[in-house]
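Inspection log for the structure reproduced underneath, given as structure tokens.
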Amino acid sequence: MTLEVFALEAGRLAAIRAPLLAWYGREKRDLPWRRTSDPYAIWLSEVMLQQTQVSTVIPYWERFLARFPSVQALAAAPLDDVLAAWRGLGYYSRARNLHRAAQEVVAHFGGRFPSTAKALLTLPGFGRYTAGAVASIAFGEEAPLVDGNVARVLSRLFVVEGLPGDKAREARLWTLASALVKGERPGDFNQALMEHGATVCRPERPLCLLCPVRGACLAHQAGRVSELPPAKVRAPPKRLTLALAVWPHEGTLLFARRAEKGLFGGLWELPAVEVEPSTPDEEAALRLSEALEVPVTALDAIGTVKRQLTHRALTLYLLRVTGPHRPSRAKAFHELRWCTPAQAAELGMSTAMQRALDAALARGVLLNVAG
DNA sequence: CATTCGTGGCG
DNA sequence: TCGCCAAGAAT
């Protein structure tokens, strides 16, 4: 508690706040969402930036805004179009929540975003971070935020101990962020904290010589910058093997839409069933037959695609198949559709599945090869 | 509180 | 090749 009082002492807060804000004014990157004051566009950037690098987001943000220029346009669009625009960006529940939140803003708030963090928190996909970000950046509320950058910066400035996820640590970080954000330009200050973490107070090899608040940094004084914060402890990824049906018919392939929840929720795929590694082709075909509710015969295995996700080691086993009855629906899948490659390119699909599809097409499964 | 959800970049 | 991690949220 003594440390708490010391850390939040007014002079110390000022010694951090003012230099950081001034540094941000001089050094901030010219990012596209910093050129707009449209809450919708700012919200979109915040959702896309969740667990995603700035350089990855920029082209998605620009394309998405061109296609859905307002919250009304987004709310009125079919979910499939939204997922297609999100294709390749990952964490697809963000896109579903974005779509739902847009509809709620239109239905319950007359198309205007609520302007406080507390009110924003009621919308799908708004957690504590995103609510604070939109409230402070778009509406100028003195609302705190803590993301990975801010957690690192504050844990160094104030020597906050504890592993990521530790309850006491999180509480302390939010308390610090709350105290610091109060004052002029809260949105700029929050962005200054994040910008500082992204460009100077980096995870590896931080640029302490260029740091505008080095003099106030307790970790720097103690020579502990490199050991704060401690790395997250991650469980080893689980293995998941899927057998994919590659079923050519008159220039099309069979596609299926996955269930809303879980891995790649709501996205399209080559119809997939989970199998054990090294499952014989005949058995994989039998599983696909059960899922598709029609007889399926394995022709040959045409490749394997491996993908490393954060919590999954994914193996996609491509099985060329055929059968006497072409299915148009099956309980195991939300929807079935026969698509040309051009049509498939317009579907919401994961990068993993895109790689599998590319591999199948590269094997010439749609070519009329006599053999 | 722990787990799950993607992808790409980097050393 | 591999581990780490990036403007987190939902369950």
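Computation of the quantities below employed the complete heavy-atom set of this structure, encompassing side-chain atoms and omitting hydrogens, waters and symmetry-equivalent molecules. Proteins come first, then strands; the chains are lettered A, B, ... in the order of their sequence lines, and each starts at number 1. Note that the structure is a prediction, hence the values are computed from the model and not measured.
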Please tabulate, one pair per line, each protein N/O and nucleotide N/O from nucleotides 5-9 of chain B that are separated by under 3.5 Å, including the distance.
unit_1 : atom_1 : unit_2   : atom_2 : d
B:dC5  : OP1    : A:Leu263 : N      : 3.4
B:dC5  : OP2    : A:Arg312 : NE     : 3.0
B:dC5  : OP2    : A:Arg312 : NH2    : 3.2
B:dC5  : N4     : A:His311 : NE2    : 3.3
B:dG6  : OP1    : A:Tyr91  : N      : 3.4
B:dG6  : OP1    : A:Tyr92  : N      : 2.9
B:dG6  : OP2    : A:Phe264 : N      : 2.5
B:dG6  : O4'    : A:Tyr91  : N      : 3.1
B:dG6  : N7     : A:Tyr91  : OH     : 3.1
B:dG6  : N7     : A:Thr310 : OG1    : 2.9
B:dG6  : O6     : A:Tyr91  : OH     : 2.9
B:dG6  : N1     : A:Gln51  : O      : 3.0
B:dG6  : N2     : A:Gln51  : O      : 3.1
B:dG6  : N2     : A:Thr52  : OG1    : 3.0
B:dT7  : OP1    : A:Tyr92  : OH     : 3.0
B:dT7  : OP1    : A:Thr351 : N      : 2.5
B:dT7  : OP1    : A:Thr351 : OG1    : 3.4
B:dT7  : O4     : A:Thr310 : OG1    : 2.9
B:dG8  : OP2    : A:Arg307 : NH2    : 3.3

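Residues passing the ring-ring contact (aromatic ring centres under 6.0 Å, His included) test with A:Trp174, sequence neighbours excluded: none. The side-chain contact (heavy atoms from CB on, under 4.5 Å) check on A:Pro69 picks up A:Ala73, with sequence neighbours excluded. By the ring-ring contact (aromatic ring centres under 6.0 Å, His included) test, A:Phe126 pairs with A:Trp43, sequence neighbours left out.
At a non-hydrogen distance threshold of 4.0 Å, nothing from residues 186-197 of chain A comes into contact with DNA chain B. A heavy atom closer than 4.0 Å to some atom of DNA chain B occurs in no member of residues 132-152 of chain A. Contact check of residues 20-48 of chain A against DNA chain B (heavy atom, cut-off under 4.0 Å) returns no residues at all.
A close approach under 4.0 Å does occur between a side-chain nitrogen or oxygen of A:Lys167 and OP1 or OP2 of B:dC1.
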Report all side-chain donor-acceptor pairs from residues 75-90 of chain A shorter than 3.5 Å, counting only partners two or more places apart or in another chain.
unit_1  : atom_1 : unit_2   : atom_2 : d
A:Trp86 : NE1    : A:Gly90  : O      : 3.0
A:Arg87 : NE     : A:Leu347 : O      : 3.1
A:Arg87 : NH1    : A:Gln354 : OE1    : 2.2
A:Arg87 : NH2    : A:Ala344 : O      : 2.7
A:Arg87 : NH2    : A:Ala345 : O      : 3.3
A:Arg87 : NH2    : A:Leu347 : O      : 2.7

In residues 252-265 of chain A, what donor-acceptor pairs under 3.5 Å come from side-chain atoms, sequence neighbours left out?
unit_1   : atom_1 : unit_2   : atom_2 : d
A:Thr252 : OG1    : A:His249 : O      : 2.6
A:Arg257 : NH2    : A:His334 : ND1    : 3.3
A:Arg258 : NE     : A:Leu263 : O      : 2.9
A:Arg258 : NH1    : A:Glu269 : OE1    : 2.7
A:Arg258 : NH2    : A:Leu263 : O      : 3.1

Show me, pair by pair, the donor-acceptor contacts under 3.5 angstrom made by side chains of residues 273-282 of chain A, not counting sequence neighbours?
unit_1   : atom_1 : unit_2   : atom_2 : d
A:Thr279 : OG1    : A:Glu276 : N      : 3.3
A:Thr279 : OG1    : A:Glu276 : O      : 2.4
A:Asp281 : OD1    : A:Tyr317 : OH     : 2.5

What donor-acceptor contacts under 3.5 angstrom involve side-chain atoms of residues 206-235 of chain A, with partners at least two apart or in another chain?
unit_1   : atom_1 : unit_2   : atom_2 : d
A:Arg214 : NH1    : A:Cys208 : O      : 3.3
A:Arg214 : NH1    : A:Leu209 : O      : 3.2
A:Gln221 : NE2    : A:Gly215 : O      : 3.2
A:Arg224 : NE     : A:Glu227 : OE2    : 2.8
A:Arg224 : NH1    : A:Glu161 : OE2    : 2.7
A:Arg224 : NH2    : A:Glu161 : OE1    : 3.2
A:Arg224 : NH2    : A:Glu161 : OE2    : 3.3
A:Arg224 : NH2    : A:Glu227 : OE2    : 3.2

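Clustering of Ile, Leu, Val, Met, Phe, Trp and Tyr side chains at separations under 4.5 Å places A:Ile42 together with A:Ile137.
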